[in-house]
Amino acid sequence: MTGEKAPDPNKQTLVALVENKPGVLNRVASLFRRRGFNVDSLTVGRTHKPHISRMTIVVDTQRTNVQQIAANLFKLVNVIDVRYLSHEPHVSRDLALVKVRTEHAEAYNYVTEICERYPARIVDMGSAVAIVEVTGSEVTVEEVIDKLRPVGIVEMVRTGIVAMGRGTRIHDTQYEPAYGAITEGSGSSNGVVV
Amino acid sequence: MQLSGSEIVLECLLREEVDVVFGYPGGAILPTYDTMTRYPQIRHVLVRHEQGAAHMADGYARATGKVGVCIATSGPGATNLVTGLATASMDSVPVVAITGQVPKAAIGTDAFQETDVTGVTLPITKHNYLVTDVNELPHIIREAFHIARSGRQGPVLVDIPKDIQKEMAEFVYPEDEIRLPGYIPPDAAEHDAVQEAQKLINQAERPVILAGHGVTVSGAVEELRELAERAQIPVALTLLGKGNMSEDHPLVLGMMGMHGQAACNHAIQEADLLIALGMRFDDRVTGNLKTYAQNAKKIHIDIDPSELNKNVPVDVAIPGDLHTVLNQILPGVEQSNHSEWIGRIRDWQEDSDERDILKHYNEQQLISAQVINALWQYTSGNAITVSDVGQHQMLEAQYYPHERPQTMLTSGGLGTMGFGFPAALGAKLGRPEEEVWAIVGDGGFQMTMCELGTAAQENININIAIINNNYLGMVRQWQEIFYEERYNATPMQNPDFCKLAEAFGVKAVRAEKRDEIADAVAYAQSIDGPTLIEFTVQPEEMVYPMVPTGADLHDMIRRPKPGEVSA
């Protein structure tokens, strides 16, 4: 595996803890749209607590005032906490599934070589195509995608970035809802309520 | 105690001390209307259009400081509230809107009178709810009122499916239990920021206070006066800040901004310190941001952190409640006099006085400024005035000085024509002991004049002054200045407003000459019930000063002095 390139200094990562309730993603998206905030990436997923979801938002500070984003996010009643993760040591990961042509042996060999040198692996093999899964920092994922281009990318999907502070920097909330709690095992706990 | 959803709603309204609701029934809200018959403590005012209900709840809230409540049915009933909610949202007014929704099972099926109301109102409410479980209803209503009236106030909508209004649940009012971890309005300022603010205030040679609506809402009127008087700091008011400090106080400069007092705008541009209190540097008060108060340090205190450094970068940004923060700052503020600075401002004021149209207008035919100033005179400057939007609104701000907060109500941020008359009805119901005047233009009045029916049916004792120039006057003014006098779609063929009022059972009188004003006002004041006066004024008046959109704040188009040729 090659050493990671330095992340783009203009990219800021925000993490928001939000209530896992219907419409919350819509509220955040609507806020970004109506205020004209540009975001590079927004991911949302559930946490170890069924009533809390977590958003990771990556912003290009050259295009958008990140303080305004944070202040406006915090105004949303369902947003419990907002933090700038770029200000502290953190782990940041993106995941891509890349379907590439592998009819020719040299293409296949090239792809397996990439998978040995990068945090990538082949997760599906057909007669003509393979799916490569790559997980790493955004920079790493970009690098792998660039390397795969000459082979012929036919389909691709990315999750967007998720991130977490290193060490004992715990970003959590003690909040328990007064009503309408989503419990483990109840129907809606099987996914994020959006 | 087992109660139905609609009983839960009304029990919650009682506990929130709601004494009047403004609404209009319809299919999806009928269970709640039926239950209302058992709650005579809550007066229901039947409006003629739901927009009127939202504006009435808004006017009630602005006049009382309490939460105003409006009710509508699903679909068109709810969408008709939209303009009123957007108005309340822009001006931070606490309103709770309760809407009926189609039954749960029908949601998402394009059912009759179904609209995604929480979706539609998401950007124009502070928060909103779609109730999906009757057991959550008490918590949601409690939260709705709490969110509406705390922090930066604003409208909250609660959408209740029809079947939930009928379902039964155990009712326990969650008196103290509000758990909103993502909703923590700021209160006190940090020590360092307080010290920095005190230092800037004590060092300033040419300070100006910019006092906005937040002063009224946080109840910081006394603190504002104390700060201004102790350090002898001139006070500029935003449109919604009028009434924060009596306008006959020598330190008060009047309104700032596009149609503000020239002396006030000059003072802001020449200041070395702006102390912005509960205002948001709207484009209508700053003009060109690049040249705005360039030599001034700036302190900005506002309850909404997202307003700080939004339009104008400031030196000291304090998120907090003004009442709390000013009480932190005041002990460290030294006495001062700033007599040289105040002297300079007096010179600008004298220049403005010479240009005042009332000083050199002697015709019999009425002009708007004269009518509004006469209303001030004949109400002893003590009425609650509710203006609409346009030339008359700016002239009200200039020619009706207010002494008390919550007496000048108008749609500032959104500039909603049609706001004035229904908001005045709401204000009167909230403050029945006050004399209330709706001061409206002929254009805006016609947008919500159906509420004459509401005023008559409820016998609401307000006075309506229509300033009728048979034009959409402010738009016409822009056409005169910026569009080479092409008066497209601004001349109005109006009804006979007096006959119209009489058709609704509302007493009316017309005044066309200056010596008819006093009698008309006295007549309106003598009637116990709604009254309308149609003031016929000159058709093509101008509001001065005027800062053209995007121009520098000091670059005002002025009314020529007598003898001067118009620029």
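Numbers restart at 1 for each chain; the letters A, B, ... are given by sequence-line order, proteins then strands.
With a 4.5 angstrom heavy-atom cutoff, Leu76(A) touches chain B only via backbone atoms. Of the atoms belonging to Val77(A), heavy atoms from both backbone and side chain fall under 4.5 Å from chain B. Proximity to chain A (any heavy atom under 4.5 Å) is restricted, for Ile147(B), to the side chain, taken from C-beta onward.
Annotation: Glu190(B), atom CD; neighbour count of heavy atoms from other residues, nucleotides and ligands within 6.0 Å does not exceed 12. Other residues, nucleotides and ligands place more than 12 heavy atoms under 6.0 Å from the CG atom of Asp146(A). With a 6.0 Å radius and a threshold of 12 heavy atoms from other residues, nucleotides or ligands, Phe37(A) has its CZ atom above the threshold. Heavy-atom neighbours of Arg121(A) CZ from other residues, nucleotides or ligands within 6.0 Å: at or below the threshold of 12. More than 12 heavy atoms of other shown residues, nucleotides or ligands fall within 6.0 angstrom of atom CZ in Arg158(A).
Put simply, the side chain of Arg27(A) never gets that close to the backbone of Leu122(B): no donor and acceptor are under 3.5 Å apart.
In this structure, the separation between CG on Leu180(B) and OH on Tyr175(A) is 7.5 Å, given to the nearest 0.5 Å. Rounded to the nearest 0.5 angstrom, Lys75(A) NZ and Glu307(B) CD are separated by 6.0 Å. Here the CG-CG distance, from Asp304(B) to Asn72(A), works out to 7.5 Å after rounding to the nearest 0.5 Å.
Checking Asn135(B), Leu137(B), Asp133(B), Ile140(B) one by one against Tyr179(A), the side chain to side chain contact (heavy atoms under 4.5 Å, CB included) holds for a single residue, Ile140(B).
Scanning all heavy atoms of the two residues, the minimum distance from Pro123(B) to Arg34(A) falls at CB-CD, 3.7 Å.
Residue with the most contacts toward chain B among Gln174(A), Gln67(A), Glu176(A), Arg33(A): Glu176(A) (heavy-atom pairs, distance under 4.5 Å).
Side-chain contact between His127(B) and Asn78(A) is present, with at least one heavy-atom pair separated by less than 4.5 Å.
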